[in-house]
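Have a look at the structure below, then the notes.
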Amino acid sequence: MYTTRTTVLKNIAAGNEVAWNDLYVIYHPLILSCAMKRGVPVADVDDIIQQVMLALFNNGKFIYSRQKHGLFRSYLGGIIRHKICDYFRKQPATPGPGANEECDDSFEKNFLAEYRTYVIKEALGELKHHVRPEIFETFYLCCMQNRPDKEVAEIQQILPNTVTARKKRCREIMKNIIEELNFSDPELNIPLL
């Protein structure tokens with residue numbers, strides 16, 4: 001998963017235009033969620049997403065460098081923050097969320113939590129590619145929806161021991177995925193599911 005994103009970033013830096021679409025597909029949900037949770041109206045969210053993507057593409061070049069800008073997560077978060085702040089600064093003063101609330105220091109903390117949630121969803125997507133659909137469903141019902149094993153066994157019409165075995169297999173895979181993510185970005189500190 002992280003290697004895919006690293007590859008996408010390298011391909012963009014090398015001038016591969018197809019990689020731009022990959023970057024958009026990967027980070028569109030995160031940018032969308034950040035904008036929506038900070039009160040950007042639905043009608044304007046696509047503009048924020050487009051502005052973030054354009055900011056990544058400065059004067060026809062992808063200027064991100066890990067040595068210069070640090071983690072891509074932090075770099076992207078900064079751009080998202082600035083574009084949301086710019087949006088609210090241009091709006092007439094109205095009650096509710098606005099530039100002052102969205103541009104304070106709490107943005108980084110909130111963005112990290114948002115990014116962590118996004119990465120867990122991505123990790124679940126990766127897990128889904130490693131196991132059969134019925135195995136993933138067992139894991140999801142038990143571990144993400146917190147349903148009792150017995151209930152999941154009844155829903156899926158399988159033995160309780162099968163539920164236990166499926167959860168164990170998925171947890172091992174997720175443990176590896178999460179350890180890789182935490183190693184790549186220790187600040188994420190994603191708990192094991």
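The analysis underlying the following values was restricted to heavy atoms, covering all of them including side chains, and did not include hydrogens, waters or symmetry mates. Just so it is clear, the model here is predicted, and its values are computed rather than measured.
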*asked:* Checking N110 against R38 for the side chain to side chain contact (heavy atoms under 4.5 Å, CB included) test, could you report, in this order, the C-alpha distance in whole Å, the side-chain angles of both residues, the deciding distance, and whether it holds?
replied: CA-CA 10 Å; N110 293 334; R38 281 155 189 88; 3.2 Å; yes

*If you group Ile, Leu, Val, Met, Phe, Trp and Tyr by side-chain heavy-atom gaps below 4.5 Å, do M144 and L181 land in one group?*
yes

_Separation between CD1 of I178 and CZ of R171, rounded to the nearest 0.5 Å_ = 10.5 Å

*Would you sort out whether I31 and Y118 count as a side chain to side chain contact (heavy atoms under 4.5 Å, CB included), showing the intermediate values?*
CA-CA 10 Å; I31 302 166; Y118 163 77; over 6 Å; no

*asked:* If hydrophobic clusters are built from ILVMFWY residues whose side chains come within less than 4.5 Å, do V25 and V52 share one?
replied: no

*Below 4.0 angstrom, N of the basic side chain to O of the carboxylate: do D149 and K167 qualify?*
yes

_T7 OG1 to D22 CG distance, which is reported to the nearest 0.5 Å_ = 10.0 Å

*Interatomic distance, C85 atom SG to I80 atom CD1 [nearest 0.5 angstrom]*: 11.5 Å

*Is there side-chain contact between Y75 and S65, with at least one heavy-atom pair below 4.5 Å?*
no

_With clusters defined by side-chain heavy atoms of hydrophobic residues (ILVMFWY) lying less than 4.5 Å apart, directly or transitively, does F139 cluster with I173?_
yes

*Rounded to the nearest 0.5 Å, how far does OG1 of T164 lie from CG of L159?*
10.0 Å

*About how many Å separate CD of E137 and NZ of K128, when rounded to the nearest 0.5 Å?*
9.5 Å

*asked:* Is it the case that over 12 heavy atoms from other parts of the model lie below 6.0 angstrom from the CD atom of Q157?
replied: no

_For a 4.5 angstrom cut-off between non-hydrogen side-chain atoms, does R166 reach F136?_
no

*asked:* Does the plane of the ring in Y115 sit parallel, tilted or perpendicular to the ring in F111? Use 30° and 60° as the thresholds.
replied: tilted

*Test L76 against every option in L23, L71, L30 by the side-chain contact (heavy atoms from CB on, under 4.5 Å) rule and name the one that passes.*
L30

*If two hydrophobic side chains count as joined below 4.5 Å and joins carry through other members, does I48 share a cluster with F57?*
yes

*Do you reckon L9 sits in the same ILVMFWY cluster as I63, going by side-chain contacts under 4.5 Å, direct or chained?*
yes

*Can you check side chain to side chain contact (heavy atoms under 4.5 Å, CB included) on R73 and V119, steps first, answer last?*
CA-CA 11 Å; R73 169 186 50 84; V119 169; over 6 Å; no

_Testing the 3.5 Å rule here: is there a donor-acceptor pair between the side chains of E134 and Q156?_
no

_Spacing of R116 atom CZ and N182 atom CG [to the nearest 0.5 Å]_ = 8.5 Å

*Which heavy atom in E114 sits nearest to a heavy atom in C34, and how many Å separate them?*
CG-SG, 3.6 Å

*Return the minimal non-hydrogen interatomic distance between F62 and A13, and the atom names on each side.*
CD2-N, 3.9 Å

*asked:* Please determine whether a side-chain nitrogen of the Lys or Arg among E108 and R81 lies less than 4.0 Å from a carboxylate oxygen of the Asp or Glu.
replied: yes

_Are V8 and N11 packed together at the side-chain level, in the sense that at least one heavy-atom pair is separated by less than 4.5 angstrom?_
no

_V163 to C142 - nearest heavy-atom pair and separation_ = CG1-SG, 3.7 Å

*Are any non-hydrogen side-chain atoms of L124 and I177 less than 4.5 angstrom apart?*
no

*Could you please spell out the steps behind the side chain to side chain contact (heavy atoms under 4.5 Å, CB included) verdict for I158 and T138?*
CA-CA 10 Å; I158 57 177; T138 302; 4.1 Å; yes

*Taking S33 for the side chain and P29 for the main chain, is one N or O donor matched with an acceptor at less than 3.5 Å?*
no

*Can you name the nearest heavy-atom pair linking A55 to I79, along with the distance?*
CB-CG2, 3.7 Å

_Any side-chain to backbone donor/acceptor pair from H28 onto Y24? Under 3.5 Å, distance only._
no

*Would you check if Q50 and L54 make a side-chain contact, meaning some heavy-atom pair closer than 4.5 Å?*
yes

_For Y64 and F72, take the angle between the two ring planes, folded into 0 to 90°, and tell me which bin it lands in: parallel under 30, tilted 30 to 60, perpendicular over 60._
perpendicular

